[in-house]
Each structure stands twice: as C-alpha cells, then as structure tokens.
Amino acid sequence: MVQISNHLPTAELQRLDAAHHLHPFTSHSELTEKGARVITRAKGVFLTDSEGEEILDGMAGLWCVNIGYGRDELAEAGARQMRELPYYNTFFQSTHVPAIALANKLAELMPEHLNHVFFAGSGSEANDTNIRLVRTYWDLKGKPSKKVIISRKNAYHGSSVGSGSLGGMAYMHSQGGLPIPDIHHINQPNWWAEGGDMTPEEFGLARAQELEAAILEMGEDRVAAFIAEPVMGAGGVIVAPSTYWPEIQRICDKYEILLIADEVICGFGRTGNWFGSQTLNIRPDIMTIAKGLSSGYAPIGASVVSDEVAEVIGQTEFNHGYTYSGHPVACAVALENLRILEEEGIVDHVRTVAAPYLKQAWESLTDHPLVGEATIVGMMASIALTPDKASRAKFAADPGTVGLMCRERCFANNLVMRHVGDRMVISPPLIITPEEIDMLLMRARKSLDETYARLQEQDMLRPAS
Ligand code: PXG
C-alpha cells in the first residue's frame, strides 16, 4: 500500500490526487494540469498548505467552520464518543444519549414551535427528507394532490437527485435527469442582476408575488410547500429587498403552504442570530440545518419540524431514514460545537463586533472601480463586479471569467474568496477578529486592484452589448 503522508512533495500529492480522486464540481482535465492545492492543517481562520503558505479562509471551508479551526474540545468529544459507543442506529425503536441530547438542545435553541428533529448526514439528505416529509404530511391531511414544491431559480439546496431538483441551478439540472417531477421554480429576488428599472422595493414585491401567481396558476390544491434560503448563499449571497420576505410569509399563510427555510448556511450565527429566519422575521414550518451545526467537524444535518407537522407525521410510520441518522459521534461533536457557540457568546460576537466591523469595511469596497453593489448580512457578504456601475452592466466576456480571474488573484494573495459568476463571496469563520478582518480586506483590495489592472491590459473592461 502507498503510504500517503503530509511529507510527500506537493507535486507527488497532486499526481496521486489526480490519478484516483474524483472531486465534486471540478473539471478533471483542468485539475490534472494545474494540480489541486493541498491543505494540510488549519487553526483559527487560517489554513496551511503543503508548501507552508498561510491562507486566510474567507469561506470558513464551505460556509461551515463557524467556530474556526483547531478546537481540541471537538476532537476530544468525538474521540470520547467513539470509545464509548462509536455507532448505533436510531431505527427500530432504538436511541442513544448523543441523539437525545442534541435533539433536545436543538429544540431549546430553535424558534418556539420547532421542536422535532429528523437527523441526516448532510444538508442534501435533510432536504431529501423534506420532500418526502411534506408530501406525506399532505397525504395524511387528506390532501394527496398537494405534491408540488415551489423553489427559486439560482437556489442551492444540495446535490442529490431530490435536493438538486429543489435547487434552481440550471447547470446542475442539465446533468443526470433533474429535476424530479412536481418541483416548480420561480425567479429569484436578485435586484442587481434582474431588477431592471424597478426600485429594489418594487422588485422585491414583484418577485414575491410570483409565488402567489404560481400557486393560483397550478391551483392551491396542488402546492405542498415553498422552500428558500433566508439569504441565498451559493447563488452569490443574494439578499432580497426588504419587501420580499413579508410578502412571501403572507402568501404562505394565506394559501396554507408549508414554508421550509433552508438554514444550512444561514443557521448557527451566520446572520447575527441563531437562525436566518430570526434575522429576516420568517416563521418556517420546517428548517433544514447542517454545516454550522457541527462547524463542519463532523458530517451531520437535520430537518427540524413544527409541533403540528410532527403530530401529523406521527400518525403513520414514515418510511425514511439513513444509516447515519443521528450518528452518535457526529451528535457528540455537534453538541460540543453548540456549547462553544453558546458559552463563548459567538452569536453575540457576530452581532455586536464582527458583523458591524465587517459591514463598514465591506461596503467601503464600492469605492473600487470594479465593484458595483456590496451586500452583507451578518458574516455572509458579496460584491458584484461590473465594467459599469451606473448601468449595472455585465462584462462582455463569458459570465464568470472575471470572477475566476479575481478568485485566482485572491488565491495568489493567500485569501480564499469564492466566485459565483462575476460576484465575489465571503463567509469567514464567525470568530474572526477585527484585525483579521483588516487583513482580509487588504488582501481583497489588492486582488481587486490586480484584477482591474489585468482587465485593462487585456481590454476586458467592456460591457456586454
Ligand atoms: N442547502 C444549502 C442552503 C446549502 O448551501 C446544502 C443545502 C447541501 O448541503 P450538503 O451538506 O449536502 O452539501 C447546501 C450546501 C458552494 C457550495 O460552492 C455550497 C454548498 C455546498 C457545496 C458548495 O457555495 N452548500
């Protein structure tokens, strides 16, 4: 067997990686040519790669390492649980202490009426649970025609067949026969890209009313649920205008549509409250959670349902579950993560220190010639790159070309910042300090300057016609 350790030269690790490892959302011919960046360890907000470079992780991994890297307490909680009971299932009338404790802790932290937890191994699995759950709910209520789940274009709800269908990513639907039947997508509340001449408030209202139009067109008796991220994450940190959510809530209430808030990114402090639904004043019937639930230290997700939904589903045997639903090690790690978030006041730190500091720094980026709008809620933020701010123009180059250039400059400057098309996105660990935010902004500005210079050199500052 090949011994693979951190001590192999980077080029050799890259060669072995390319030879046998298929990566998610990656073009392998490109990866083989360039070689993956090999991350070897991390502490706080910094990653270290196999060349010894220290990289500021502006994305908290994939929007998940909320408490930052390197917390021994989580390693110990996981090891302790592995020694005591590494695995047992929660099927067939069995349970164990970590699942009991985590379900109870979540019921305490959640908005009042959300008290029942169905565990999964990831956000995708939890959203698959939601599809079967809401359809079964309406069957049991004697309304079996209510099957359609309405979602939004450009939403991200996961990558499995079910959750990928809920998501509104056209490039995902184009592979593997998605979406499954009875999923309907309305337009997203992205004013910068799609608002035309409307004010943000007019546009927010119009986009919310698309939900009502869709319900009326299909018939109220066909629609089971509406699913949305409080703030769209992977779609580019799209913050809906202030008029959007109150109207969505009104429509869900009026037509008795179950509202599913996908809090996989927004949950666990990311928006400055425990849940994005609290920040945006949404009253969901179901919440999807994952990522920040364990700060990414162990794979775990869940769907958390209201008392009413739980009561209805409880009338039957719900024929659904995963081997790792309520995995004891993942539950123990998540519990320790929640203890740290709570006892160290990390959600308060976001609301009172980190998010206000990041907001003033982030919004100052709009003075840069490449930056159109800057959006931010709590510790998730984005900037739209544009060749002409006044007209909110797109670049003449293919969408994402400039974003990718900027991301590469960020990488070269030891900052992880993600690009979504030509929007740049950050979502750093919540424990980031003001000094580290200064460093993040300095590196971001340098990368923007270098991108701008390259665009000038290559005559790419032209708007699409
Ligand atoms: N819902 C939301 C809102 C998410 O952001 C999922 C569900 C699926 O979770 P799992 O644990 O199955 O991945 C997500 C995941 C990106 C990126 O590049 C975002 C996610 C995953 C991978 C990449 O922004 N979000």
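Each residue takes its place number in the sequence, starting with 1. Because the structure is a prediction, the values reported are computed rather than measured. Every number for a ligand or one of its atoms is a count from 1 in the order of the listing.
Among residue pairs with one or both ends in residues 70-79, those qualifying as salt bridge (charged side-chain N to carboxylate O under 4.0 Å, His left out) are Arg71-Glu73, Arg71-Glu344; sequence neighbours excluded.
For the salt bridge (Lys or Arg N to Asp or Glu O under 4.0 Å) with Glu450, the qualifying choice from Arg409, Arg445, Arg443 is Arg409, the only one to do so.
Within the 4.5 Å cutoff, side-chain heavy atoms of Leu441 are placed close to those of Leu365. Two residues are said to be in side-chain contact when any heavy atoms from C-beta on lie closer than 4.5 Å; Met379 and Ile432 meet this criterion.
Counting heavy-atom neighbours within 6.0 Å of Tyr324 OH, excluding the residue itself, gives a total of 12 or less.
For ligand 1, residues of the protein lying within 4.0 angstrom by heavy-atom distance are Leu62, Trp63, Ser122, Gly123, Ser124, Asn127, Tyr156, His157, Gly158, Glu229, Ala234, Asp262, Val264, Ile265, Lys291, Arg418.
Under the 3.5 Å distance criterion, the side-chain polar atoms of His173 are matched with a main-chain donor or acceptor of Gly167.
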